[in-house]
Each structure stands twice: as C-alpha cells, then as structure tokens.
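Encoded as structure tokens, the structure appears first; notes follow it.
The structure displayed is predicted, hence computed values, not measured ones. Residue numbers start from 1 in every chain, and the chains themselves are labelled A, B, ... in the order their sequence lines are given, proteins ahead of strands. The analysis underlying the following values was restricted to heavy atoms, covering all of them including side chains, and did not include hydrogens, waters or symmetry mates.
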Number of protein chains: 2
Amino acid sequence: MIEELKQHYGYLFEDELLQEINNVGTYRDIPEGLKLIEIGDYIKSMPLLISGAIKILREDKEGDELILYFIEQGDTCAMTLSCCLGDSKSEIRAIAETDARLIMVPVQKMEEWLGKYKSWRNFVLQSYQNRMTELLEAIDTIAFLKMDERLFKYLKDKAMVNHNDVIHVTHQEIASDLHTSRVVISRLLKALEINGRIELHRNNIKVLDL
Amino acid sequence: MIEELKQHYGYLFEDELLQEINNVGTYRDIPEGLKLIEIGDYIKSMPLLISGAIKILREDKEGDELILYFIEQGDTCAMTLSCCLGDSKSEIRAIAETDARLIMVPVQKMEEWLGKYKSWRNFVLQSYQNRMTELLEAIDTIAFLKMDERLFKYLKDKAMVNHNDVIHVTHQEIASDLHTSRVVISRLLKALEINGRIELHRNNIKVLDL
DNA sequence: ATAAACCTGTAACAAATGTTACAAAAAAAC
DNA sequence: GTTTTTTTGTAACATTTGTTACAGGTTTAT
C-alpha cells in the first residue's frame, strides 16, 4: 500500500506525513460511473486520487447538468476541501469518469496536518489554486467559445483523461454534459465529421485531430 | 489606524495578529475606477478590503472583458492568494468599483502567519472557499441564465455594492462587463423598462425591482 | 458658437442555438 | 423471431443573440 502512495505523492510529502496518511487513510477502488459526491452531501473525508479520472458537474434549477472539469491523478477535489473545512454542503457532483483508485483521509486529520506539515499546507493551497484555475478555464470555455468549439474541446479532454482517442459516449450524454440538446450535438458532430476532425459510430466517437 | 482594522477584522483575528497586520501593512485609499491588478501582474502583496467594492474581470483572446464578481468589505482577493503563494501571474483584472480603502500585506508575512496563526489559516481557507463559491455562481449565471436575466442580476448586484439603486453607467460599459454588444444591451434594457423593473436615463439607470 | 465626441434608440438582417416531430437502423429484451 | 428500446439523422421552424447602419439628442472641447 505504502509503495503506491509513495509513488504518487512521495514527491510532495515528507516520509512522516506519508506514513500518517497510510495509517489513517483507507484505500478504495471505484468503478467507472460511480457517483462519489452528490450536491448537498456533507463530506467527512477527503479523497486523494491515485489513478483514474473524476468528472465534476454543476446542476441548474431544473436538474440539468453542466460539466466543469475532470480531475486526474495527483489531484484532490478542492471542493471537498471547502466543504470539510467550512463544514458546508457540496456544491458539485463528482462521478468516476474511469475506474479509479483513491485514498480517503478523515477530515480531522486534514486540519491537524495543516498546522503540522508545511508540505500539506502547500498541497492544500496548491489544490485550491489548481481548482481555481480549472474553474476559470471552465468560465472561458462557456463564456467565450461557441458550441462547436466547446464540443470539440470536450471530446479532446475526454480522450485525454481516458488515454484513448475513441470515446465511448452517446450524443445524449454529451448534450447533458454541455447543457444543451441532443439535436444540437448531433448537428455539430456531423459538421465535425464532415470537416475530418472526428469519426462517428454508434456509441463511440474517434477523435482524429488531437 | 488600528481602530479601523479592529472594527473590520477584529472578529476574525486575535489581538497579536491584528497588531502584526497593523505594523507591516500599509493603508491605501483607492479612487473609483483605479486598476488594482492587471492580468499577468506578479503580486507582491495581498489586499485586505476595509471599505468599498472591487470588480473582478476576466479577458478573452480578443481583449474583451467579462465580469466575474464584486468583492466587498471583509473580503480579500483569493486570486491574489493564489498568485502570491504560487508565485504565478494574475489570471484576472481588478478595478475599484467604488472609492475603496484597503491594507496591503506583504507576501512573506502571509506565509509566515499561515504556520503561526490558526485564525489566519482559517481566514485564508475561508477566502478560497468564498471565491470558489463566487466563481460557481458566475458559472451558473453565464451558463444557465439568458441575457435578459443576466443583465438584471448585474444591475441588482451593482446597485447592491454601490449602496444605491441609481447606477451610474453607460450601455456600452454594461455590454463590456457582460461580454456582449451595446445594441443587445440597449434592446434588453428597454424591455426591462417597459416591464417596469428599471428606469432609463442618460448615464444612469434606476433599479426599481430590488 | 461651432465642431467633435459620446450616448441612446431602433430597424433590418444574419448567425447561433433551441424545439418539435418523425424516420430508420441497431441493440436489447422477451 | 418478434417486440421494444435506444441511438442517430434530419427537416422545419422558433427564439435568442450578434451585426451593421443610421438618426438624433447631449455633452465636451476648442
């Protein structure tokens, strides 16, 4: 167990902290599609991602979704940080984009380590910073790009985190993630195919122009 | 000086920390419209807002703007935190929305206090959390609302931070903040006036439906 | 006082996105 | 093997947003 931890977080944390994490953390294997966090949940432990990817979603009043970003190996969910430390409800939904492996650290330890380890403090602050950057990028995408560019960026990002240029997804699922309608997505996908940037198949899309 | 500081931050920080802030911080009076932070700036000190409001903006590739949110009294700019602690460039522009008064704290002290004062740690983390919440709200506004609703929300927010239901602004300025065109704003403003929610005058708008 | 710059209103049109409806192919269920 | 469900394609149309053009009123500069 400690091997794995050292491999992914050894460059960040001193041995003593790694040992503490290993002692109090619990390892979890997560299957693709599992909902890790629901909007409104109180979070009692913080996930450190070892492998795989997590999709972070926001929801509107009608219950329709919007993807914010993906989290990958070496990250944690800074939203979780907020919730734990602020003792407030989750503002977002987190779903395993791929099979994933993570360590859950109880919230009490998180706070304790903030005073004790400088490397932990830096990690937490760096995580906030990363998440802030991701949110700003999400805003850029939503506010400044037209739907066809947003769509292609989404496909590329998805290919990236899945380490595969063939994406297993339906038009309806894409439409939900991008907060638009299936018809719009089908139309724009067809245009992308005509322009030679993707190949369309039933239940999967191959991204050519990576 | 210390009076003012105690009044606005006394409930957050212990006396010893207040004293330190007073010793190393410098007070600044800022006139409305002054640019405090430009995109790409390296930040060497962190502003604690005592009075007034700051407008935070994002910019696209063409140099056009988009408002993210306003910061008010008791807040700090968490983007600044990111930049200071991460030693990176500013991702946003900050402009004084009203006359404002603030204390600038040098970045070295910020880090030092993180290890030394729990109340400072909590303040920094709370600031990150607040900013995260504001960014999420900005995303909701941009992604889920139509332009007429965004416009009205903007007018209300602006009336709020100015403590005045009469807003001094031109249609072009609104269009820039909302990343759209002047004609669109004029059109929607006229519709809002017809619906009795605002009154239009040259260079100012009265918000009726607060 | 006159010219220039700025601010608002509005028409006419273009482009992007959203909606409804229907058809056909593929996969899943029975 | 037949039925049902899921997935994709596409047409036709509505709504929202963006663009261009111009007119007239107001303020500012000289």
Calculate the interatomic distance between [X] atom [atom1] and [N] atom [atom2]; express it in whole Å.
X        : N      : atom1 : atom2 : answer
B:Asp148 : D:dT16 : CG    : P     : 8 Å
B:His171 : D:dT26 : NE2   : P     : 15 Å
A:Lys190 : C:dT17 : NZ    : C1'   : 20 Å
B:Lys146 : D:dT15 : NZ    : P     : 10 Å
B:Glu173 : C:dC7  : CD    : C1'   : 11 Å
B:Leu145 : C:dG18 : CG    : C1'   : 17 Å
A:Gln172 : D:dT8  : CD    : P     : 10 Å
A:Leu200 : C:dA26 : CG    : P     : 15 Å

**Prompt:** Taking only N and O in the side chain of A:Thr170, is any of them less than 4.0 Å away from OP1 or OP2 of D:dT6?
**Reply:** no
**Request:** Respond yes when some side-chain nitrogen or oxygen of B:Thr180 is under 4.0 Å from OP1 or OP2 of D:dG18, and no when none is.
**Result:** yes
**Message:** Taking the nucleotide of DNA chain D with the nearest heavy atom to each, does A:Leu189 or B:Val183 sit closer to the 5' end?
**Reply:** A:Leu189
**Request:** Could you tell me whether B:Asp41 and B:Lys89 have a side-chain N and a carboxylate O separated by less than 4.0 Å?
**Result:** no
**Prompt:** Hey, is B:Glu149 close enough to B:Lys146 for a salt bridge, meaning N to O under 4.0 Å?
**Reply:** no
**Request:** Answer yes or no: are there more than 12 heavy-atom neighbours, outside B:Arg28 itself, under 6.0 Å from its atom CZ?
**Result:** no
**Asked** In terms of the angle between their ring planes, are A:Phe13 and A:Tyr9 parallel, tilted or perpendicular, with boundaries placed at 30° and 60°?
**Response** parallel
**Message:** For A:His179 and B:Phe144, take the angle between the two ring planes, folded into 0 to 90°, and tell me which bin it lands in: parallel under 30, tilted 30 to 60, perpendicular over 60.
**Reply:** tilted
Would you mind telling me which of [options] lies closest to the side-chain atoms of [X]?
X        : options               : answer
B:Asn203 : C:dC7, C:dA21, D:dG18 : C:dC7
A:Arg182 : D:dT10, D:dT7, D:dA21 : D:dT10
B:Arg202 : D:dT10, C:dC7, C:dG18 : C:dC7

